[in-house]
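The block underneath contains the structure these notes are about, expressed in structure tokens.
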Amino acid sequence: PWEGEGVALAYALGRGGRAGQYAALVRGVGQGSLSRWTRLTFRAAADAPMRVSVQVRDPRSGARWGRSVVVDPRPQNLLVGFADMAALGEAPVPIPLGDIDSLLFVVDTTNTPTGRRGTLWIDDLRLERTAAR
């Protein structure tokens, strides 16, 4: 998905008090396809330093798991292991990777102030498998 193809998210979180404002890049991965992989790697940059939540979602239950990463203006390679993701809300652990249908890159008011505008770039997204120890 997106391998060799860059995408940009120009976002503007609503002003005022926190009320669930968010913006997200979402990439479908085909249900069942993540069960072969242990991590994802990607290149990221942003117009200003920021923290982004990298998430996976189960379409049937709506459960999500995620891990945040720091993204800077200078492009950098990042790695997120699925085993390093934490349950968001009432999601079961471990992640049922065979049920996951989407990868998400989320900018929200957990890590970003309301009213903030900016751009996030994601490129060279790859699913990888590490050798068992």
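The residues of the chain are indexed from 1 along the displayed sequence. As the structure is a prediction and not an experimental result, all values here were calculated from the model.
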Quick one: do R129 and T38 satisfy side chain to side chain contact (heavy atoms under 4.5 Å, CB included)? Show the steps, please.
-> CA-CA 5 Å; R129 179 164 196 82; T38 59; 3.8 Å; yes
Test item: T41 and L78 side chains (from C-beta on) under 4.5 Å apart, heavy atoms = no
Could D47 and R116 be called an ion pair, given the rule that one side-chain N must be under 4.0 Å from one carboxylate O?
-> yes
Of all the heavy-atom pairs spanning T119 and A8, show the shortest one and how long it is.
-> CG2-CB, 4.3 Å
List the steps and the verdict of side chain to side chain contact (heavy atoms under 4.5 Å, CB included) for W65 and D58.
-> CA-CA 9 Å; W65 299 261; D58 180 337; 4.0 Å; yes
Same apolar cluster: L79 and L120, side chain cutoff 4.5 Å = no
May I ask you to test the E128-L40 pair for a side-chain heavy-atom distance under 4.5 Å?
-> no
Report the C-alpha distance between M50 and V107 in whole Å, list the side-chain angles of each, state the deciding distance to 0.1 Å, and finish with yes or no for side chain to side chain contact (heavy atoms under 4.5 Å, CB included).
-> CA-CA 9 Å; M50 64 185 301; V107 178; 3.6 Å; yes
Over all heavy atoms of both residues, which pair between D72 and P49 is shortest? Give the atoms and the distance, please.
-> OD1-CB, 3.7 Å
Atom pair OH (Y22) and CG (D108), whose distance is rounded to the nearest 0.5 Å = 10.0 Å
With sequence neighbours left out, write down each residue that passes side-chain contact (heavy atoms from CB on, under 4.5 Å) with N77, or none if nothing qualifies.
-> R43
In Å, rounded to the nearest 0.5 Å, how long is the span from CD of Q21 to OG1 of T112?
-> 11.0 Å
Does the side chain of V80 reach to within under 4.5 Å of the side chain of F42, using non-hydrogen atoms?
-> yes
Should V70 and L125 be counted in the same cluster of Ile, Leu, Val, Met, Phe, Trp and Tyr side chains packed under 4.5 Å apart?
-> no
State whether a side-chain donor-acceptor pair under 3.5 Å links R51 with S68.
-> yes
Donor-acceptor contacts under 3.5 Å from residues 81-105 side chains, at least two apart:
residue : atom : partner : partner atom : Å
D99     : OD1  : R60     : NH2          : 2.5
D99     : OD2  : R60     : NH2          : 3.3
S102    : OG   : R57     : NH2          : 3.2

Might you point out which heavy atoms bring P73 and A45 nearest each other, and give the distance in Å?
-> O-CB, 3.7 Å
Exam field: side chain R67 to backbone Q55, donor-acceptor pair closer than 3.5 Å | no
Are any of the side-chain heavy atoms of W121 and L9 separated by less than 4.5 Å?
-> no
Could you give me the CA-CA distance, side-chain angles and deciding distance for L25 and I122, then say whether side chain to side chain contact (heavy atoms under 4.5 Å, CB included) is met?
-> CA-CA 9 Å; L25 281 171; I122 304 291; 3.7 Å; yes
Quick one: closest heavy-atom pair of L13 and P113, and the distance?
-> CD1-O, 3.9 Å
Do R18 and T109 have side chains that get closer than 4.5 Å, going by heavy atoms?
-> yes
